[in-house]
Visitor: 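Got a structure here, written out as structure tokens. Questions coming.
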Amino acid sequence: DLLNQIPADEETVGVTAKGAYQTRKCHNAIADQAAHAVIPSRKNAKPWKTVTAISVARNEALRASKYLGRALRRRWSGYHRRCRVETKMHSVKLMGQRLMAPDFDR
């Protein structure tokens, strides 16, 4: 549903999500947007048996995660940027109404 909110004239390059979104349905929705999925695999993840571009990419990411380790794989794939965004949004929420700027553009 979130991907459908993106206007058709805007290009979606990549989608970053939590491991809970590591499903075929989510990967298919991301592929429909012609975007790259950056979703960490679950600890007990098994390779997908179907031979599609989506499953091949996910299985390669799973192999890289097992070879490099989960922490290094997340940094290598760019997943760590999602954590930075979450941390920044949390700090903005904590400030709440106290957050002000002299003009609207800031």
Side-chain angles (χ1 to χ4, degrees):
D1 292 339
L2 290 174
L3 291 174
N4 292 332
Q5 295 176 14
I6 299 172
D9 60 334
E10 288 189 27
E11 181 183 6
T12 307
V13 177
V15 175
T16 306
K18 292 183 175 184
Y21 294 97
Q22 185 67 271
T23 64
R24 284 187 174 94
K25 186 176 180 181
C26 289
H27 277 277
N28 287 333
I30 294 168
D32 290 344
Q33 295 282 333
H36 173 70
V38 180
I39 305 172
S41 55
R42 297 175 184 173
K43 288 182 182 180
N44 61 349
K46 304 284 186 236
W48 289 347
K49 296 185 191 302
T50 57
V51 182
T52 62
I54 297 165
S55 63
V56 169
R58 187 229 176 231
N59 290 344
E60 287 297 320
L62 184 61
R63 278 190 213 100
S65 181
K66 288 187 179 185
Y67 180 74
L68 299 172
R70 291 173 58 87
L72 187 58
R73 161 77 172 105
R74 285 180 178 187
R75 180 164 283 293
W76 173 71
S77 69
Y79 185 77
H80 67 286
R81 288 186 296 234
R82 183 187 152 282
C83 296
R84 288 183 178 173
V85 171
E86 276 192 8
T87 303
K88 185 55 71 180
M89 289 304 295
H90 177 69
S91 63
V92 169
K93 286 179 183 179
L94 287 177
M95 290 180 174
Q97 295 296 324
R98 295 177 289 177
L99 185 64
M100 290 187 256
D103 59 63
F104 186 73
D105 292 335
R106 293 187 187 171

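Because the structure is a prediction, the values reported are computed rather than measured.
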Visitor: Test of understanding: with side chain to side chain donor-acceptor pair (under 3.5 Å), list the residues that count as partners of T52, not counting sequence neighbours.
Guide: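 T52: side chain to side chain donor-acceptor pair (under 3.5 Å) contacts with S55.
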Visitor: May I ask you to test the R58-Q22 pair for a side-chain heavy-atom distance under 4.5 Å?
Guide: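 R58 vs Q22: side chains touch.
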Visitor: What pairs of residues pass the ring pair (Phe, Tyr, Trp, His ring centres under 6.0 Å) test when at least one of them lies in residues 7-30, not counting sequence neighbours?
Guide: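 Qualifying pairs, neighbours excluded: H27-W48.
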Visitor: Got a sec, which residues hit side-chain contact (heavy atoms from CB on, under 4.5 Å) with L3, two or more places apart in sequence or on another chain?
Guide: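 With neighbours one apart ignored, the set is I6, V15, A29, I30, Q33.
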Visitor: Restricting to salt bridge (Lys or Arg N to Asp or Glu O under 4.0 Å), what partner residues turn up for R63, sequence neighbours left out?
Guide: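 Partners of R63 by the salt bridge (Lys or Arg N to Asp or Glu O under 4.0 Å) criterion, ordered by chain and then number, come out as E60.
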Visitor: As an exercise, state the distance from CG of D32 to CG of N4, rounded to the nearest 0.5 Å.
Guide: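 The CG atom of D32 sits 9.0 Å away from the CG atom of N4.
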